[in-house]
Amino acid sequence: MSGKHFKGHEVSCCIKYFIFGFNIIFWLLGVAFLGIGLWAWNEKGVLSNISSITDLGGFDPVWLFLVTGGVMFILGFAGCIGALRENTLLLKFFSVFLGIIFFLELTAGVLAFVFKDWIKDQLNFFINNNIRAYRDDIDLQNLIDFTQEYWDCCGAFGADDWNLNIYFNCTDTNPSREKCGVPFSCCTKDPAVRKTLPVINTYIHVKGCVPQFEKWLQDNLTVVAGIFIGVALLQIFGICLAQNLVSDIEAVRASW
């Protein structure tokens with residue numbers, strides 16, 4: 001019986017510890033992302049008042065850290081413990097979860113290509129909605145400022161979009177000292193200049209962030225496509241390795 005056991009199937013140590021090592025990195029990164037997200041919420045007082053999560057009219061960038069960190073934590077934990085303990089249930093969960101993410105990414109890519117105009121309208125709506133909430137959250141403000149500075153843009157389709165914000169709009173009843181202005185991140189030279197017609201082309205970025213983002217995608221299409229293909233191949237590779245390890249474990253157990 002012992003001779004048959006050694007000649008039978010064996011769990012591949014290379015696959016086992018490769019999956020373990022790869023996923024422990026993901027698990028630690030997930031913990032770090034979750035920690036950053038929870039720390040940011042604690043600094044803003046959200047953890048002491050959970051109901052304030054719904055108070056922000058725009059998008060809270062902290063969600064990026066929490067969602068990304070949560071997914072990485074779950075995947076990393078399942079893959080890491082599943083490989084180390086040779087737990088087929090966790091390994092199957094890991095491969096199925098990774099497969100679902102891959103399918104969602106593929107579906108999103110196809111839909112974005114087919115419904116380009118609809119995506120553009122939704123992006124316009126999303127940006128304008130966050131313009132309204134620009135002063136409500138410091139993280140959102142920093143994200144918008146970074147976007148406008150990086151792409152040399154202002155608003156969704158132009159500087160006039162900032163009329164949607166109560167602090168920058170040009171209505172006669174607006175008491176704000178920033179009335180008829182734009183954020184500093186829209187300005188090219190003098191950050192104190194107002195959005196007045198004679199100087200707008202000189203001191204303020206007149207192009208919106210949606211067209212600038214489209215231009216950036218076209219200019220960097222090869223790089224973006226390469227990144228997406230690389231991520232997709234990595235996911236497929238991870239699924240295949242997990243399935244192979246499951247098959248090895250089940251074969252070993254069947255030979256006992």
Side-chain angles (χ1 to χ4, degrees), residues 9-37 59 61-120 122-123 126 143 146-147 150-151 210 212-252:
H9 292 279
E10 292 183 1
V11 176
S12 172
C13 289
C14 291
I15 296 177
K16 175 180 175 178
Y17 289 108
F18 181 83
I19 293 176
F20 169 77
F22 184 78
N23 280 281
I24 200 169
I25 296 173
F26 258 73
W27 181 74
L28 291 173
L29 286 174
V31 171
F33 274 47
L34 285 172
I36 292 171
F59 172 72
V62 175
W63 281 110
L64 289 174
F65 288 93
L66 292 175
V67 173
T68 304
V71 171
M72 293 176 70
F73 179 87
I74 294 171
L75 271 176
F77 178 82
C80 180
I81 302 301
L84 186 64
R85 303 294 297 174
E86 297 183 7
N87 188 310
T88 55
L89 182 63
L90 284 176
L91 288 171
K92 287 177 181 178
F93 172 80
F94 169 80
S95 58
V96 170
F97 195 8
L98 199 57
I100 291 172
I101 293 174
F102 174 75
F103 176 76
L104 291 175
E105 291 171 347
L106 187 63
T107 303
V110 172
L111 291 176
F113 179 78
V114 174
F115 300 103
K116 288 184 289 188
D117 293 335
W118 182 82
I119 293 294
K120 187 186 293 186
Q122 292 303 308
L123 190 58
F126 175 77
L143 179 62
F146 171 79
T147 302
Y150 183 80
W151 279 311
V210 173
Q212 286 294 86
F213 176 67
E214 290 179 331
K215 182 179 180 298
W216 180 86
L217 276 181
Q218 292 173 357
D219 294 341
N220 299 274
L221 188 60
T222 304
V223 176
V224 174
I227 292 173
F228 275 103
I229 293 172
V231 171
L233 291 175
L234 195 62
Q235 289 173 323
I236 294 172
F237 182 64
I239 293 170
C240 292
L241 281 182
Q243 290 297 326
N244 285 338
L245 185 56
V246 168
S247 299
D248 285 349
I249 294 170
E250 290 178 342
V252 168

Legend entry - Working for side-chain contact (heavy atoms from CB on, under 4.5 Å), residues L64 and F59: CA-CA 10 Å; L64 289 174; F59 172 72; 3.7 Å; yes

Inset, instruction - Sequence neighbours left out, what passes side chain to side chain contact (heavy atoms under 4.5 Å, CB included) with L233? Give chain and number order. - result: I229

Inset, instruction - Using side chain to side chain contact (heavy atoms under 4.5 Å, CB included) as the criterion, list what pairs up with F103, not counting sequence neighbours. - result: T107

Residue pair [X] / [Y]: nearest heavy atoms and the distance that separates them:
X: A83; Y: I19; value: CB-CG2, 3.8 Å
X: Q212; Y: W151; value: NE2-O, 2.8 Å
X: L29; Y: M72; value: CB-CE, 3.4 Å
X: Q235; Y: I101; value: NE2-CG2, 3.6 Å
X: S95; Y: Q243; value: OG-NE2, 2.8 Å
X: L90; Y: I81; value: CD1-CG2, 3.7 Å

Evaluate the side-chain proximity of [Y] to [X]: yes if any heavy-atom separation is below 4.5 Å, no if none is.
X: I236; Y: C240; answer: yes
X: Q122; Y: F126; answer: no
X: W216; Y: V224; answer: yes

Distance, nearest 0.5 Å, that separates [atom1] of [X] from [atom2] of [Y]:
X: L104; Y: F102; atom1: CG; atom2: CZ; answer: 11.0 Å
X: L75; Y: W27; atom1: CG; atom2: CH2; answer: 14.0 Å
X: L91; Y: E86; atom1: CG; atom2: CD; answer: 9.0 Å
X: S12; Y: L241; atom1: OG; atom2: CG; answer: 9.0 Å
X: K120; Y: F115; atom1: NZ; atom2: CZ; answer: 15.5 Å
X: L234; Y: L98; atom1: CG; atom2: CG; answer: 8.5 Å

Inset, instruction - State whether F113 and K116 meet the cation-pi test: NZ (Lys) or CZ (Arg) under 6.0 Å from the six-membered ring centroid, and within 45° of the perpendicular axis. - result: yes

Legend entry - Flag, side chain of T68 to backbone of F65, donor-acceptor distance under 3.5 Å: no

Inset, instruction - Ignoring hydrogens and angles, tell me if any N or O in the side chain of N220 forms a donor-acceptor pair with the backbone of V223 under 3.5 Å. - result: no

Inset, instruction - Please state whether the rings of F93 and F97 are parallel, tilted or perpendicular, taking 30° and 60° as the class boundaries. - result: tilted

